[in-house]
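This is a predicted model, so every value here is computed, not measured. Index from 1, following the sequence. Atom set for the values below is all heavy atoms of this structure, side chains included, hydrogens, waters and symmetry mates excluded.
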Amino acid sequence: IYVCGIEHCVQFLKNVKGVFKVYGVKDGDLVPAGKPILVIEGDYSKVAEYESVIDGILARESSVCNHTKRILKYIKSNQLICMADRADLYLAQPYDGYAAWVGGMRTFTTKAQTELIPNLRGVNVVGTMPHALIQQYGGNLNKALWAYHKTLPKEKLSALIDYHNDVVGDIKKLDKKLCPIIGSIRIDTSIRMRDKSLSNKPEHFGVCKQLVVNARKALDANNMRHTKIIVSSGFTCNKIKDFVKSKVPVDFYGVGASLLKVNVNITGDLVYLN
């Protein structure tokens, strides 16, 4: 596994009285399963109560790091966006963001996710509009986009295109004056919904391959070949692998909850006595 959380543990242990020596591997190191990654020498009675805390730090951050590493086997780092901010307790964002960064993530959706990253070179914080913003304008995507542009004129416009579950229809309705400045669209269709452009097939729910193909064709027909496609909602490493293998015209993948599933188990043991 790729290890992460060592730095966090070291900082934590600095505040534990009685621990006189701490050493281990570095964050991002690849370590064979079963090998020690962190050694604490000192009075066990002083550190015993923190064993589970240390295990939890290493398990969580190593899992996020490894999920990121696996995804980046199939896409480039500039194609991956960390959208895990809404998938867990907000207090975890700095640690999750750091672990994802160690794994190769370079684009995030909140500044909180970048707080613990030691080197922000090449790191970007981006965002797109929420469904609620479109709702504030009566479901009129064009009005929402103009409001967004007026408020944040220096930001690239990214249109959330699935509000009516009619991606192709909404692309056709985009204001022609807006089209040249729309840098991307985001498709975030719920797995429980089927877009109007799709047939009645089981595989046509959510953000499926055919929906992205339909969106790309609609953009090109609307003189928006410059506009990129972002997909989100339920993307996992396996789904991204499948999309890439099928050459689906996706430019950016937003990944959230699947990054945070803990699948690396860490155990602390007493290996030397006196």
Practice item. Step by step, work out the side chain to side chain contact (heavy atoms under 4.5 Å, CB included) result for I134 and N140. Key: CA-CA 6 Å; I134 303 172; N140 190 314; over 6 Å; no
Practice item. Would you check, one step at a time, whether the test side chain to side chain contact (heavy atoms under 4.5 Å, CB included) holds for I71 with Q79? Key: CA-CA 10 Å; I71 291 172; Q79 293 180 278; over 6 Å; no
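Checked by atom type and distance alone, the side chain of T227 pairs as donor or acceptor with a backbone atom of I182 at under 3.5 Å. Side-chain N or O atoms of T68 include none that pairs as donor or acceptor with a backbone N or O of G104 at under 3.5 Å. A distance-only check finds a donor-acceptor pair linking the side chain of H226 to the backbone of C179 [under 3.5 Å]. Judged by distance alone, the side chain of S63 and the main-chain N or O of N263 form a donor-acceptor pair under 3.5 Å.
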Name every donor-acceptor pair, under 3.5 Å, that has one atom in a side chain of residues 185-192 and the other anywhere in the protein, sequence neighbours excluded.
unit_1 : atom_1 : unit_2 : atom_2 : d
R186   : NE     : T128   : OG1    : 2.7
R186   : NH1    : S232   : OG     : 3.1
R186   : NH2    : T128   : OG1    : 3.1
R186   : NH2    : M129   : O      : 3.4
D188   : OD1    : S232   : OG     : 2.7
S190   : OG     : R192   : N      : 3.1

In residues 25-37, what donor-acceptor pairs under 3.5 Å come from side-chain atoms, sequence neighbours left out?
unit_1 : atom_1 : unit_2 : atom_2 : d
D27    : OD1    : G5     : N      : 3.0
D27    : OD1    : I6     : N      : 2.8
D27    : OD2    : E7     : N      : 3.4
D27    : OD2    : Y98    : OH     : 2.5
D29    : OD2    : K26    : N      : 2.9

Please table the atom pairs, donor to acceptor, closer than 3.5 Å between any side-chain atom in residues 109-119 and protein atoms at least two apart or in another chain.
unit_1 : atom_1 : unit_2 : atom_2 : d
T109   : OG1    : C82    : O      : 2.9
T109   : OG1    : D85    : OD1    : 2.9
T110   : OG1    : Q93    : OE1    : 2.6
T110   : OG1    : Q113   : N      : 3.3
Q113   : OE1    : T109   : N      : 3.0
Q113   : OE1    : T110   : N      : 3.4
T114   : OG1    : K111   : O      : 2.7
N119   : OD1    : R121   : N      : 3.0

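Here H149 contributes atom NE2 and K156 contributes atom NZ; the two are 14.0 Å apart, rounded to the nearest 0.5 Å. For the atom pair NZ of K245 and CG of N238, the computed distance is 11.5 Å after rounding to the nearest 0.5 Å. How far CG of L80 is from CG of L259: 7.0 Å, rounded to the nearest 0.5 Å. The CG atom of L219 sits 11.0 Å away from the CG atom of N214 when rounded to the nearest 0.5 Å. With rounding to the nearest 0.5 angstrom, the CE atom of M105 is 7.0 Å from the CG atom of L72. With rounding to the nearest 0.5 angstrom, the SG atom of C9 is 4.0 Å from the CD1 atom of I57.
When all heavy atoms of C4 and C65 are compared, the closest pair comes out as CB-CB, 3.9 Å. Scanning both residues, R216 and M224, for their nearest heavy atoms gives NH2-O, 3.1 Å. The nearest pair of heavy atoms linking L198 to C208 is CD1-SG, 3.6 Å. Of all non-hydrogen atoms in V207 and K239, the two that sit nearest each other are O-NZ, 3.1 Å. P249 and V212 get closest at one heavy-atom pair: O-CG1, 3.8 Å.
The closest side-chain heavy-atom distance from N124 to N78 is not below 4.5 Å. In this structure the side chain of S197 never reaches within 4.5 angstrom of the side chain of V167, judged on heavy atoms. Within the 4.5 Å cutoff, side-chain heavy atoms of K217 are placed close to those of V213. With a 4.5 Å cut-off on side-chain heavy atoms, N200 and R194 count as touching. Put simply, the side chain of L133 does not reach to within 4.5 Å of the side chain of L160, judged on heavy atoms.
Not counting sequence neighbours, the partners of S258 by the side-chain contact (heavy atoms from CB on, under 4.5 Å) test are T236, V255. Under the ring-ring contact (aromatic ring centres under 6.0 Å, His included) criterion, F12 pairs with Y50, sequence neighbours left out. Considering only residues two or more places apart in sequence or on other chains, F235 meets the ring-ring contact (aromatic ring centres under 6.0 Å, His included) condition with F243, Y253. S246 is linked by a side-chain contact (heavy atoms from CB on, under 4.5 Å) to K209, D242, V248, counting only residues two or more places apart in sequence or in another chain. Evaluation of the ring-ring contact (aromatic ring centres under 6.0 Å, His included) rule for Y95 yields H8 as partners, not counting sequence neighbours.
Note on V168 and L145: separate hydrophobic clusters, where clusters join Ile, Leu, Val, Met, Phe, Trp and Tyr whose side-chain heavy atoms are under 4.5 Å apart, directly or indirectly. Both I240 and V64 belong to a common hydrophobic cluster when Ile, Leu, Val, Met, Phe, Trp and Tyr are linked at side-chain heavy-atom distances under 4.5 angstrom. Hydrophobic clustering of Ile, Leu, Val, Met, Phe, Trp and Tyr side chains at less than 4.5 Å, counting indirect connections, unites L157 with Y137. Under the 4.5 Å side-chain heavy-atom criterion for ILVMFWY residues, a single connected hydrophobic cluster contains both L260 and W101. Grouping the Ile, Leu, Val, Met, Phe, Trp and Tyr side chains by contacts below 4.5 angstrom, directly or via other members, places L270 with L13.
Other residues sharing a hydrophobic cluster with V126 under the 4.5 Å side-chain heavy-atom criterion for ILVMFWY residues are I81, M83, I230, F252. Through chains of ILVMFWY side-chain contacts below 4.5 Å, Y90 is grouped with L89, L91.
Every pair passing salt bridge (charged side-chain N to carboxylate O under 4.0 Å, His left out) that includes a residue from residues 48-72 is listed here, sequence neighbours excluded: R60-D88, R60-D96. Within the structure, side chain to side chain donor-acceptor pair (under 3.5 Å) contacts touching residues 158-184 (residues at least two apart or in different chains) are H131-D162, W146-D175, S158-S184, H164-D170, K176-N222.
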